[in-house]
Amino acid sequence: MQKVNITINDMKVEAKAGQTVLQAALDADIYIPHLCAHPDLTPQGGCKLCVVEINGVESAVTSCTTEVEEGMVIRTKTDNLSRIRGVALELMLASHPGDCTSCPVYLNCELQAMMQYLGVAHSRLRRIEKKNIRINSKNPLIVREMERCIQCGRCIRVCSDIREVGILKYNQKDGEIYVGTENDLPFREADCRFCGACIEICPTGALRDVEGTFSKDSPREIALTPCRDTCPAGTDIPKYVRLVGEGKYSEAVGIIREKLPFPLSLGYVCNHTCETACKRSKLNSPVGIRSLKRFAVENDLDGIWKDKAMKKQAPTGKKVAVIGAGPAGLTSALYLAKKGHAVTVYEKLPVVGGMMTVGIPEYRLPREVVKAEVAFIENMGVEIVTDKKIDSALELKNSGYDAVLIAVGTHKGRKLSMNLSDQKQVYTALEFLASTSLKKEITLGNKIAIIGGGNVAFDCARTAVRLGIKNITVICLEPKDAMLADEEEVIQAQEEGVIIKNSKSTIGLEGSESGITGVKHIDVNNFSFGPDGQLQLDAVEGSESITEADTVIFAAGQMPDLDENFGVELNRGNRVAVNPETLETDKTGIFAAGDAIYGTKVVIEAVASGRKAASEIDKYLGGDGNISEELVSRSVMDKKLGKIAGFSEQKREETEVLEAQSRKCSFSKVDLGLDENKACREAGRCLQCDLRIDLRKVKFWADYKYK
Amino acid sequence: MKITCEKTALAVNPAVIENKADDLCSVDWVKTLFDEARRASCGKCTFCREGTQQIYKIIEDITNGEGESEDIALLTELAQMIRGNSSCEIARDATGHLLTVLEKYEDEWDMHIKRKRCPAVVCKAYISVHILPDKCQGCTACITACPEKAIVGGDGLIHVIDQEKCTRCGECFAPCKYDGIVKAGAVKPKTPETPVPVGTFESGGNRRRRRG
Amino acid sequence: MKKMEADVVVIAGGASGLAAAVAAAEKDASVILFEKSSTTGGAANMGMGPLAVGSHYQKDQMVDLTVDQAFRVLMDYTHWRVDARLVRKYLDLSGSTIEWLEGMGIEFLGAFKYFAQSHQTWHIVKAFGSNKPAERAGSVMAKAMTDRAEELGVELYLQTPVKKILTENGKVTGVMAQGPDGEEIIAECSCVIIATGGFGDNPKMIKEYIGYDWGKDLFSFRIPGVVGDGLNMAWEVGAGKTEVTMEMTFETPGITNVYKTLSETVRQPNLMVNLEGKRFYNEEFINNTVFTGNAICRQTQRCGFTILGDSVIDHYRKNGLDYVTMHHNIKNLDKWDSELNTYLSGDRVSDDPLAGLQQEEQKNAHSLYVADSLEDLAAQAGIDAKNLIDTVEEYNAMCGKQDTFFNKNPKYLLPIKGPKYYAAKHFPAGYGSLGGIKINDNMQVLTDSGKAIPGLYACGTDVCTIFGDSYCFILPGNTMGFALNSGRMAGMNSIDYIDSDDFVE
Ligand SMILES: Cc1cc2nc3c(=O)[nH]c(=O)nc-3n(C[C@H](O)[C@H](O)[C@H](O)COP(=O)(O)OP(=O)(O)OC[C@H]3O[C@@H](n4cnc5c(N)ncnc54)[C@H](O)[C@@H]3O)c2cc1C
Ligand code: SF4
Ligand code: SF4
Ligand code: FES
């Protein structure tokens with residue numbers, strides 16, 4: 001880069017050829033007031049605050065539109081310049097609200113800081129009340145309080161020049177100029193891409209994110225992408241969604257793999273809190289993130305992430321035992337192995353995968369998917385010993401391990417305490433699901449009643465359907481419109497012939513020692529949980545009735561299958577007590593993670609918990625605890641979005657699902673996923689919330705050395 | 001890296017103001033000029049966008065009886081600033097004319113601001129419209145023309161304008177075939193308070209004579 | 001993690017923090033100032049100027065208020081329920097503070113009153129090109145003080161909130177802050193000065209310490225980020241608590257600051273009633289917003305109503321409004337009809353350019369009712385109908401004669417007659433919180449038992465308890481005045497402490 005020597009306020013400054021005077025000054029830490037200029041935008045030279053005087057040039061010029069030239073002698077502070085800037089700011093303020101106290105950007109506002117810098121508080125000018133500023137200003141994502149707009153045009157330029165969407169412009173009406181859309185269309189109809197760049201770049205409080213769009217607890221860069229912010233493992237969702245859209249499936253998988261080793265399993269069964277948080281849901285419906293994840297993995301032909309993902313640190317000589325081969329245990333095992341520790345996983349069952357294999361039914365999560373993902377972990381040197389039940393973590397630790405992780409999940413089902421509940425053909429959900437998964441014998445009748453209304457209850461019901469049972473009833477406490485299970489599960493179960501009885505509390509089992517004949521329940525108007533978690537019912541007197549059944553399944557929650565002999569302190573409900581900061585139990589060197597510490601949640605929580613445990617155990621063993629990795633290098637994001645007609649209304653692409661008739665009689669997968677066209681379209685619906693981070697931050701006057 | 005404006009010139013004829021006729025008000029003329037200028041502004045530059053708007057507003061106030069004594073100094077300062085620093089011809093042109101007018105017709109501006117008068121009888125806030133009793137033939141043409149229904153009268157009666165209702169729009173001038181309707185500034189013609197038969201009004205007083 | 005070191009760390013760069021930083025640096029101390037937001041000045045950017053007594057402006061303008069007199073005014077007003085030593089020191093210093101500020105390049109327009117009955121203590125800062133008092137003129141002062149601080153070598157860190165005050169054996173040793181990129185900063189120092197401006201933007205603390213539900217029975221200003229950081233950090237290291245109050249005023253939610261003509265019209269000296277339909281105030285004093293706010297606070301559900309009829313509106317149409325404020329300068333009812341129509345059109349916020357500027361709670365509040373009869377008006381507004389009718393009847397009977405109850409000035413007794421009747425519902429409002437950290441007259445932070453915490457100072461709104469229960473409006477400029485002077489005192493005293501024998505490393 002060629003250098004140009006200039007002088008600013010008697011200081012020698014070395015500028016780059018082609019730079020503007022403004023940029024050269026700012027780079028040299030010399031402040032020149034400016035509002036309409038922004039480092040990422042083509043200068044407009046409109047606000048006139050950046051005026052400077054240059055030797056040999058008669059009148060003041062705007063420094064944002066003037067290129068540096070060799071030997072230029074520049075003054076940024078003279079009385080004349082102060083006057084020009086003062087009047088320019090007064091003119092802007094003439095139509096601006098007189099008080100900042102109701103403005104959420106107060107104290108972080110470039111305009112307000114400019115008033116300080118220039119000493120212009122108010123104007124002796126006439127107040128101009130613009131009338132057209134509120135036209136169609138409402139939309140679900142962007143607050144547009146255009147009475148605070150100073151028409152600097154930064155939003156217009158970022159929208160047209162950088163994003164190439166170009167829906168904003170200077171409008172003229174009744175002799176007033178305001179920033180709006182063509183024909184004053186609402187943003188949705190104007191085909192706004194809702195990328196938020198205009199919000200990011202606006203110097204005032206005119207454009208803002210709708211309150212509540214982002215969490216206030218996370219660092220801003222993360223909070224701006226609510227999907228990533230809510231993903232327990234922190235997967236960089238917008239990046240991989242963008243890669244799927246570009247057809248770079250292998251790269252997409254790399255991004256996912258940076259945070260979790262079960263991408264495909266999760267592509268099938270993740271409860272996707274990310275979709276609930278997705279900003280797009282405020283426009284119509286969220287991006288189908290989970291299906292895109294599955295699609296990416298299923299179409300990853302190159303595995304370009306593998307080389308990096310297979311990297312391991314030199315052996316540390318430390319030995320770690322993991323109890324339980326579920327997602328928490330295996331995730332932890334993988335990262336510990338990468339950190340150079342020797343890891344052995346002990347699993348009491350003959351199969352690996354934990355609940356992913358014996359809880360979640362096969363028609364939702366094919367077993368070979370889990371197997372393949374576990375195989376990768378084994379390839380990384382993790383030893384897995386199945387059919388090996390550990391009875392005491394403490395003894396295990398003492399048998400020669402430097403650290404132990406308890407990740408035993410919640411494998412003890414709960415039955416409601418009532419008469420006959422220990423009879424034959426009365427099962428817990430887990431007994432039923434696990435025997436089916438493990439292909440073990442279990443005696444069932446023709447009429448099954450399932451007590452409970454969560455996803456587990458529906459997994460039982462739909463598994464029973466596939467076992468050929470015709471008469472299946474789910475009895476649950478919640479009313480129809482407040483069911484705990486996912487809507488999709490409920491609908492599909494009904495399509496498969498499952499009967500649902502809502503707002504019923506089970507009060508007893510009917511029958512005798514020789515067998516169950518039915519479930520007795522009472523209608524409830526309302527229920528709540530008392531301060532100690534006990535159920536409080538408002539039952540309808542005399543509404544007792546009976547559902548005939550010869551088999552009963554309790555899907556009423558589960559807990560870790562542990563007792564005091566295990567050697568660590570347990571909390572209520574058998575949960576392993578840990579220090580939340582370190583996940584360490586009351587015994588030094590013994591850690592715990594996953595469902596075992598917080599009760600049955602979901603796979604992705606277990607993965608996140610397993611990651612945290614790995615990091616903490618590594619620290620305990622003398623490592624740095626850093627398990628973050630970059631499997632795909634971040635290429636510069638394409639700043640351009642372009643305009644797409646009807647963008648806001650684009651419907652979510654739904655996956656193909658097997659017909660009820662054909663899915664009923666087998667355990668083959670129900671959800672067939674997306675095809676390439678649909679995946680591409682779905683990825684295109686993403687608002688790319690992370691894109692705005694690429695815009696440079698503006699420094700305020702107080703931040704500069706020479707001001 | 002310069003602002004490019006689509007419009008480059010205003011459709012004014014400066015000659016009109018160089019040698020202005022008695023019934024041309026320089027304040028009103030500049031107001032119209034700035035109304036055009038603010039509508040022609042592309043919006044990108046503060047001095048043009050806000051400056052023309054601000055000047056228009058100040059002049060509007062001056063023509064409305066809301067001028068203040070500092071306004072001339074303020075207008076001059078703004079005009080010089082805009083002329084020297086705005087990005088385009090439009091604002092520079094308009095402010096150039098303003099400066100000329102302010103200098104040349106300072107008295108007329110002073111009249112507006114301090115004495116609330118428009119010597120050319122143009123600025124509506126300072127004028128009233130009247131029907132001359134000696135010209136009016138009671139033909140009712142003006143009644144139909146008035147959009148505000150401010151004129152009362154009838155066949156053969158001297159018509160009278162209700163000053164509360166009249167907006168001084170001037171719609172009634174043309175329909176009057178007898179040049180009976182006039183604008184007035186500080187000095188207003190004598191007229192009856194309510195319609196009286198044509199020919200019965202004496203400007204000395206407001207006596208009514210009944211015939212027969 | 002980043003490490004820093006200085007004699008004094010000032011937490012927050014509002015009026016009091018800047019004053020403290022400059023005062024300390026003028027005594028050759030090394031000073032670090034951490035500010036949470038992107039710019040300095042805090043709430044002072046919105047103000048117009050501080051109180052001073054005995055300034056050269058007052059002498060030039062022949063204002064003969066002495067410090068003794070001002071002291072007596074404030075102590076009478078507060079019934080000596082405040083720290084008299086602190087008040088005295090503050091007032092004593094205030095006159096010279098004006099010159100101190102002028103030395104930084106700040107110009108003042110002179111000394112002003114806030115309203116007729118107040119004293120002329122308000123020193124309004126001069127802004128660019130203007131010889132009239134200007135809203136937001138305080139921001140000019142913030143810039144000059146920041147420049148002065150940096151000139152004296154104060155290190156200023158913006159977007160860097162302090163998270164914790166560090167102590168060892170009960171003595172201040174430093175603070176922990178967080179830089180713009182999230183980096184942890186440990187700044188070691190001998191003294192910490194807290195100046196974070198209270199908790200006006202923290203509804204939870206407002207509920208807990210002042211007992212109001214923001215958005216329900218309180219509509220006070222919320223300066224973004226002023227959420228009680230200083231109070232919580234001080235309490236965390238053992239500072240004592242004081243009673244916390246608010247500078248109460250009143251507002252008509254959704255109308256005040258938005259529909260200027262409506263707002264000013266319902267703030268005229270007309271009949272006011274409470275939910276029971278009874279009078280509770282001599283409405284002649286409605287322009288004393290502090291007293292009005294206080295009176296409203298005492299009513300059921302903390303609200304009061306101004307009752308109007310077309311008779312009153314017509315009177316104002318003809319004669320103009322009785323009370324005209326410097327703030328809005330609305331003199332007549334030219335815009336009454338159009339504003340009323342917009343407000344009543346249902347979509348209350350769509351048209352008016354300023355309507356969008358309110359918090360959601362304010363936008364959605366319904367606080368102006370219009371009815372064809374008093375019965376209907378009472379029903380809509382939830383006022384006891386029978387009492388309202390009786391009250392209006394009694395009130396009308398007094399018009400043209402004498403207010404036999406509160407003895408309101410007869411010229412403000414306008415009879416209330418239809419065809420349309422109006423009721424505007426007022427709630428308490430205010431500027432922010434006052435007080436919270438216990439201090440002595442040297443601005444040292446005290447524990448509950450009154451022992452000073454070595455090295456810990458606090459100033460400004462975080463400690464301002466010198467008004468007692470109500471803002472002392474008769475000496476205008478008081479909050480900013482206290483902020484600047486208490487900050488100045490804290491800055492000077494902290495360095496005196498470091499230089500004294502009491503100080504041990
Ligand atoms: C029916 C059902 C459906 C579900 N559906 C979903 C879903 O759709 N999406 C979703 O995200 N989540 C779902 N979940 C929850 C999710 O599967 C769990 O939250 C997750 O698997 C917990 O992981 P974990 O590693 O903590 O425990 P687990 O997966 O339970 O793994 C613990 C492992 O430890 C073994 N073990 C226990 N004790 C010992 C011992 N003493 N010695 C050796 N090994 C031992 C167990 O056999 C088990 O293999 C579902 C759960 C159930 C029950
Ligand atoms: S945009 Fe800036 S200057 Fe305008 S009201 Fe908000 S904080 Fe104040
Ligand atoms: S909305 Fe913001 S960015 Fe756009 S013109 Fe107005 S002030 Fe500038
Ligand atoms: S920053 Fe150069 S003109 Fe606005």
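Here the structure is a predicted model, which is why all the values come from computation and not from measurement.
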Subject >> Members of residues 75-86 of chain A whose heavy atoms come closer than 4.5 Å to chain C >> reply: A:Ser82, A:Arg83, A:Gly86

Original post:
What distance separates C:Asp181 CG from A:Glu221 CD, expressed to the nearest 0.5 Å?
Top reply: 10.0 Å

Original post:
Any chance CD of A:Glu630 has more than 12 other-residue heavy atoms, nucleotides or ligands included, within less than 6.0 Å?
Top reply: yes

Original post:
What part of A:Lys697 is in contact with chain C, defined as an atom under 4.5 angstrom from a non-hydrogen atom: side chain, backbone, both or neither?
Top reply: neither

Subject >> Heavy-atom proximity to chain C below 4.5 Å, by part of A:Pro104 >> reply: backbone

Original post:
For C:Thr40 and A:Gln116, which heavy atoms make the closest approach, and how far apart are they?
Top reply: O-NE2, 2.7 Å

**OP:** Just grab all the ring-ring contact (aromatic ring centres under 6.0 Å, His included) pairs involving residues 76-97 of chain A, residues at least two apart or on different chains.
**Re:** none

**OP:** Could you list the residues that satisfy ring pair (Phe, Tyr, Trp, His ring centres under 6.0 Å) with A:Phe700, not counting sequence neighbours?
**Re:** none

**OP:** Calculate, to the nearest 0.5 Å, the distance between atoms NZ and CE belonging to C:Lys143 and A:Met114 respectively.
**Re:** 11.0 Å

Original post:
What are the two closest heavy atoms between C:Arg136 and A:Pro97, and how far apart are they?
Top reply: NH2-O, 2.8 Å

Subject >> pair C:Tyr431-A:Thr101: side-chain heavy atoms closer than 4.5 Å >> reply: no

**OP:** Measure C:Glu150 against the heavy atoms of chain A and call it side chain, backbone, both or neither at under 4.5 Å.
**Re:** side chain

Original post:
Is any side-chain heavy atom of A:Arg124 less than 4.5 Å from a side-chain heavy atom of C:Lys132?
Top reply: no

Original post:
Between C:Asp147 and A:Trp701, is any pair of side-chain heavy atoms under 4.5 Å apart?
Top reply: yes

Subject >> Under 3.5 Å: donor-acceptor pair, side chain of A:Asn108, backbone of C:Ser38 >> reply: yes

**OP:** Check whether any side-chain heavy atom of A:Leu107 sits under 4.5 Å from a side-chain heavy atom of C:Asn45, and report yes or no.
**Re:** yes

Subject >> Closest heavy-atom pair and its distance - A:Gly98, C:Glu135 >> reply: O-OE1, 2.9 Å

Original post:
What residues, two or more places apart in sequence or in another chain, satisfy ring pair (Phe, Tyr, Trp, His ring centres under 6.0 Å) together with A:Tyr106?
Top reply: none

Original post:
Are there more than 12 heavy atoms of other residues, nucleotides or ligands under 6.0 Å from atom NZ of C:Lys335?
Top reply: no

Original post:
In Å, rounded to the nearest 0.5 Å, how long is the span from OG of A:Ser102 to CE of C:Met46?
Top reply: 9.5 Å

**OP:** Identify the two heavy atoms, one from C:Val140 and one from A:Gly119, that lie closest to each other, and give their separation to 0.1 Å.
**Re:** CG2-O, 3.4 Å

